[in-house]
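Both ligands and their constituent atoms are indexed starting at 1 by order of listing. All residue numbers refer to positions in the sequence shown, counting from 1. What's counted below: heavy atoms across the whole structure, side chains too, no hydrogens, waters or symmetry copies. Values in this document were obtained by computation on a predicted structure and should not be read as measured data.
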Amino acid sequence: MTWRLQSLNTETSAIVIGGSIAGLFAGLMLSRAGWQVDIFESAARLDGRGAGIVTHKALLDALRKLDIAAGDNLGLMIETRKVFDREGLEIATAHMPQLVTSWGRLHRLLKAEFPSHRYHGSHTLVDIDQDESGVTAFFDNGQQARSSLLIGADGIRSTVRQLFEPSSNPEYAGYVAWRGLIDESELSPSELETVFPYFTFCLPPGEQVLAYPVMADDDSGFKAQRRCNAVWYRPADPERQLPDLLTDIDGVNNGSSIAPDRVRPSVIASMREDSRQLLAPQHGALIRRIAQPFIQPIYDVNCASMVYGRVAMLGDAAFTARPHLGMGVTKAAEDAEALLRCLSEGDPVVDGLINFKSTRQSVNASIVERSRQLGAYLQANLDSGPERDLAANHTTAEAVLAETATDNFSV
Ligand SMILES: Cc1cc2nc3c(=O)[nH]c(=O)nc-3n(C[C@H](O)[C@H](O)[C@H](O)COP(=O)(O)OP(=O)(O)OC[C@H]3O[C@@H](n4cnc5c(N)ncnc54)[C@H](O)[C@@H]3O)c2cc1C
């Protein structure tokens, strides 16, 4: 299937809320099919998220169908995965070739393809109104837009979801990810040889560290532009530890997230100290070298319905999965592809969206559930008994190698 075909549908205008990965996939696919699409993004500029993204075959296929190069231009190929123990000895290894990229690079490639005059920054959706003939979006700057379809691609704290499902809040998983990037030029010759080229893990009890190389967010692609992406999953109970981590340098806690430059130095120092006790020396050294580590609490989101009349939700707005399958971006691309397919069958928009919901709702719920299972052992508040026994199945080095961010999962 190519996305350059004209859609058969006569209602062919769409508003997309959110100009990140899911919004750009949906916007690009629909506009290539002849739809008039406007993307509205609340941020004035979206860049510098500095996070690694593992790819899957479905993501690369979607990019190829959009004529976006999915090879060297996108990222780096990793051949081998390794697990280190506390002493730094290699205790498991697997040959598992995989392309890894970064959020920034993927976003830039997608955004470059979307008509810039139809990408509107500094527009925050505040309300939606729909009737038989269309849907209207209202923005915080007083502007409004109307179209035959509205796509909510506004992420984990989706306003679109809140408007239709006011009680559906992200559910805290009981652990956080410390994340950051280290320039390749800062690594020692030994790190460059034994850690950097691989997808590596260390598994302290109830915790997990992983690291892999990514390209920097600019286009140069030279060796010196590569970075090491490191993530450390750590339990943090919701009553005491999480509020402490999220309390910023001014003593303010907004309850759900914290900007990287607002994390208190004492919290960073304590995390770095723990790394000396808990991690393989290779990973400890990497973690301590991240200049500005950032904290992301991990959440599960399951929307009750991906569709409300002329409104569809996709990507993290509809379902946010814990990161262990590395499926967030791939599932966003698959949502967008399914949406286009369902809207290209000639039915009225509302009927196309009903088909979209039956195609994606349960698949996404399965992805969230599988990701929850893989991460359960990291939870501060894991129930004892059967849940704990089940979680233990995913803690061995062999299980982590085979299950983390691979295509070995089907729904
Ligand atoms: C530790 C960690 C590791 C991860 N690793 C991977 C990985 O390896 N592979 C992978 O595929 N995924 C990974 N993910 C998940 C991935 O990052 C997300 O699934 C993906 O970025 C979601 O994209 P999105 O476009 O749906 O949402 P977002 O990227 O959150 O975008 C939502 C956009 O909507 C905008 N917005 C919000 N509200 C409004 C509003 N009211 N009006 C207008 N605009 C609005 C926001 O500004 C934002 O730009 C990881 C996540 C974490 C936490």
Plane angle bin for Y175 and Y233 - parallel if under 30°, tilted between 30 and 60°, otherwise perpendicular: perpendicular
Parallel, tilted or perpendicular, as decided by the 30° and 60° cut-offs, for the rings of Y119 and F114: perpendicular
Below 3.5 Å, N or O to N or O, backbone or side chain included: is there any such pair between [X] and ligand 1?
X: S20; result: yes
X: V54; result: yes
X: G328; result: yes
X: Y233; result: no
X: Q296; result: no
X: G315; result: no
X: A22; result: yes
X: V329; result: yes

Side chain, backbone, both or neither: the part of [X] lying under 4.0 Å from ligand 1 by heavy atom:
X: A153; result: backbone
X: F139; result: neither
X: R179; result: side chain
X: T159; result: side chain
X: V126; result: neither

Near-ring test F84/F201, centroid separation under 6.0 angstrom: no
Give a yes-or-no answer on whether the side chains of [X] and [Y] include a donor-acceptor pair shorter than 3.5 Å.
X: H120; Y: E41; value: no
X: Y308; Y: Q130; value: no
X: N169; Y: Q162; value: yes

Options A177, G52, A26, ranked by nearest heavy atom to atom 5 (N) of ligand 1, top entry: G52
Selected option - heavy-atom contact closest to atom 42 (N) of ligand 1, from L125, L106, L325: L125
Under 4.0 Å from a heavy atom of [X]: give me the atoms of ligand 1 that qualify, with their elements.
X: G155; result: 27 (O), 30 (O), 32 (C)
X: I21; result: 25 (O)
X: F40; result: 43 (C), 44 (N)
X: M327; result: 11 (O)

Any H123 heavy atom less than 4.0 Å from ligand 1: yes
Min heavy-atom dist A332 to ligand 1 below 4.0 Å: no
Validation row: Q296, V176 side chains within 4.5 angstrom (heavy atoms): no
Geometric cation-pi criterion R157 and Y299, 6.0 Å radius, 45° cone: yes
Ring-face cation of R179 near F294 (centre distance under 6.0 Å, axis angle within 45°): no
Please determine if [X] and [Y] form a salt bridge, counting it only when a charged side-chain N lies under 4.0 Å from a carboxylate O.
X: R234; Y: D274; result: yes
X: D244; Y: R264; result: yes
X: E191; Y: R289; result: yes

T404 side chain vs L401 backbone, donor-acceptor pair below 3.5 Å: no
